[in-house]
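Written below as structure tokens is the structure these notes are about.
Per chain, numbering begins at 1; letters A, B, ... match sequence-line order. Side chains are part of it too, since the values below use all heavy atoms of this structure and drop only hydrogens, waters and symmetry mates.
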There are 2 protein chains.
Amino acid sequence: MAKKSTRGPERERRREDALTRERIVDAAIALLDADGEDGLTFRALAASLATGPGAIYWHVTNKGELLVAATDAVVARTMGEVRGSTRPHEAIHRIALGVFDAIEAHPWVGAQLSRAPWETAMLRIYERLGRQVEALGVRGRAQFTAASTLLGYVIGVSVQNATASQFARRELAPSTNRVDFLEAAAARWSELDAREYPFTRSVAAHLPGHDDRKEFLAGIDLILAGIAGRPISSSAT
Amino acid sequence: MAKKSTRGPERERRREDALTRERIVDAAIALLDADGEDGLTFRALAASLATGPGAIYWHVTNKGELLVAATDAVVARTMGEVRGSTRPHEAIHRIALGVFDAIEAHPWVGAQLSRAPWETAMLRIYERLGRQVEALGVRGRAQFTAASTLLGYVIGVSVQNATASQFARRELAPSTNRVDFLEAAAARWSELDAREYPFTRSVAAHLPGHDDRKEFLAGIDLILAGIAGRPISSSAT
DNA sequence: ACCTGAACACCGTTCAAGT
DNA sequence: ACCTGAACACCGTTCAAGT
């Protein structure tokens with residue numbers, strides 16, 4: 001991806017304040033977490049590393065690559081922290097919640113995963129989910145479909161959830177608590193035009209007392225039920 | 001949302017070249033479709049409307065609002081064009097494919113839906129899916145879960161698919177056709193580290209000959225099977 | 001009421017010059 | 001090899017001035 005900063009046993013300049021790709025990525029993550037996506041600026045990053053913007057370009061090709069690297073670092077750490085389980089169903093829950101919580105904690109990760117879904121970060125998640133699909137007994141081509149469906153759902157809902165949370169925290173007074181927020185949303189849904197939005201109106205009553213993470217897992221369970229209900233094997237290619 | 005340009009029977013300046021919110025949004029959509037998200041610039045937009053950037057700000061609060069309006073216009077049109085069906089299963093397929101194709105045709109719509117999921121555009125899709133969930137016989141709180149799961153999956157997969165297509169068209173030579181692209185992707189997956197990515201490697205063989213839209217619908221069917229397999233009703237709130 | 005376009009503050013990125 | 005920081009090209013947005 002980028003120029004390696006160490007190739008072979010060259011001049012060992014191990015000053016502890018040396019600028020490395022790793023330090024840059026860590027600083028970028030800190031900025032991203034603190035000030036959101038707009039907070040990551042080459043000037044701000046340079047300031048936090050006590051250099052000029054140009055210095056960063058020696059280690060990193062451009063801003064896009066920096067975002068990819070930051071995202072991959074967070075996702076790799078997250079996947080590493082997910083506890084395993086002998087029961088595939090439970091293991092899938094844990095992987096899914098790991099992603100969900102990571103994106104909630106770092107909303108920019110969600111945006112980045114949608115922007116560059118072919119990068120390693122996405123593959124890491126896919127691999128983890130896929131192994132459990134295999135453990136579930138799914139075989140052949142159906143593995144591919146099952147894992148892809150889970151991945152699409154997990155990323156999609158996690159991103160939407162994180163964006164909505166951000167909105168709740170920012171647009172509304174940050175003091176507004178979750179209960180009040182859900183009630184406000186329910187009130188808004190109830191005021192929608194009765195002819196255009198009959199379903200949304202009727203379902204508004206279920207909004208308060210609603211738990212995002214539980215709802216998220218309920219969706220996973222729907223997919224898992226669908227997977228289990230199908231002919232579970234078929235010969236490979 | 002913004003200042004209305006007509007309120008009451010004021011001065012009727014119906015010159016056909018008058019700047020209206022509608023014309024601005026249409027021009028924005030054209031720019032977005034032609035040059036992607038980066039193509040929408042207040043300067044470029046002003047040029048295409050033969051005015052200065054400042055003029056646009058009289059009709060539209062800022063760029064964010066413009067993106068919201070453009071997205072809503074595309075989604076509203078898309079939902080209007082979806083053919084109905086007496087069979088809920090089929091109706092859901094059509095709604096889902098409508099969204100899928102719209103985002104493939106206008107990738108910026110996908111990015112925007114992820115960025116502001118609480119806007120009307122998302123509600124339009126939710127409402128359509130929800131009605132069919134109702135038609136499926138789901139009752140009470142389960143309606144909420146089923147509709148939300150479908151929405152999360154549909155948006156998530158559509159966005160990922162559109163971004164991947166863009167990547168294929170841009171990064172690879174645009175001449176590369178779909179078959180070659182899938183084979184290249186499969187080759188890449190097969191070269192992954194065997195210890196870290198056993199599942200992804202093993203599933204690479206299924207990548208060629210893979211049809212995105214069919215795979216997308218297969219995922220929908222998994223969810224629908226899950227919905228059907230559950231206790232289908234429960235008393236309302 | 002509505003439009004014009006210069007000006008402001010801020011970006012990502014480059015690059016000649018340093019060590 | 002690696003860093004510095006001014007400079008370039010470009011943005012979103014504002015606003016005094018026009019009609």
Quiz item: Which residues pass the side chain to side chain contact (heavy atoms under 4.5 Å, CB included) test with B:Ala204, sequence neighbours left out?
Solution: B:Trp189, B:Ser190
Exercise. Using a cut-off of strictly less than 4.0 Å, decide whether B:His59 has a side-chain nitrogen or oxygen near OP1 or OP2 of C:dA1.
Key: no
Quiz item: Do the side-chain N and O atoms of B:Glu104 and B:Ser165 include a donor-acceptor pair separated by under 3.5 angstrom?
Solution: yes
Every protein N/O lying under 3.5 Å from an N/O of nucleotides 13-16 of chain C:
from: C:dT13; atom 1: OP2; to: A:Tyr57; atom 2: OH; distance (Å): 2.8
from: C:dT13; atom 1: OP2; to: A:Lys63; atom 2: N; distance (Å): 3.0
from: C:dT13; atom 1: O5'; to: A:Tyr57; atom 2: OH; distance (Å): 3.1

Quiz item: Tell me, which of residues 26-35 of chain A have any heavy atom that sits under 4.0 Å from an atom in DNA chain C?
Solution: none
Quiz item: Are any of the side-chain nitrogens in A:Arg201 or A:Asp193 under 4.0 Å away from the carboxylate oxygens of its partner?
Solution: no
Quiz item: Are the side chain of A:Ser114 and the backbone of A:Gly110 linked by a donor-acceptor contact shorter than 3.5 Å?
Solution: yes
Quiz prompt | A:Tyr126/B:Phe199 aromatic ring centres below 6.0 Å | solution = yes
Quiz item: Just checking, is any N or O donor in the side chain of A:Thr71 or A:Glu119 under 3.5 Å from an acceptor N or O on the other one?
Solution: no
Practice problem: Run the salt-bridge test on B:Arg128 and A:Glu196 with the 4.0 Å N-O cut-off and return the result as yes or no. | Solution: no
Exercise. With the side chain of B:Trp58 defined as its heavy atoms from C-beta on, choose the nearest nucleotide among D:dG12, C:dC11, C:dC2.
Key: C:dC2
Quiz item: What pairs with A:Glu37 under salt bridge (Lys or Arg N to Asp or Glu O under 4.0 Å), at least two apart in sequence or on another chain?
Solution: A:Arg115
Quiz item: Given the rule that a pair is Watson-Crick or G-U wobble with both distances under 3.5 Å, how would you write DNA chain D in dot-bracket, using | for pairs to a different strand?
Solution: ||.|||||...|||||.||
Quiz item: Salt bridge or not for A:Glu127 and A:Arg131, using N-O below 4.0 Å?
Solution: yes
Practice problem: Calculate the interatomic distance between A:Leu45 atom CG and C:dC10 atom P; express it in whole Å. | Solution: 18 Å
Practice problem: Give one of base, sugar-phosphate or nothing for B:Leu40, where a contact means two heavy atoms less than 4.0 Å apart. | Solution: sugar-phosphate
Quiz prompt | ring pair (Phe, Tyr, Trp, His ring centres under 6.0 Å) involving B:Phe100 - partner list, sequence neighbours excluded | solution = B:Phe216
Quiz prompt | Separation of D:dC11 P from A:Asp38 CG (nearest whole Å) | solution = 17 Å
Exercise. For the pair A:Phe144 and B:Leu207, evaluate side-chain contact (heavy atoms from CB on, under 4.5 Å) and give the outcome as yes or no after the intermediate values.
Key: CA-CA 9 Å; A:Phe144 182 82; B:Leu207 219 42; 3.5 Å; yes
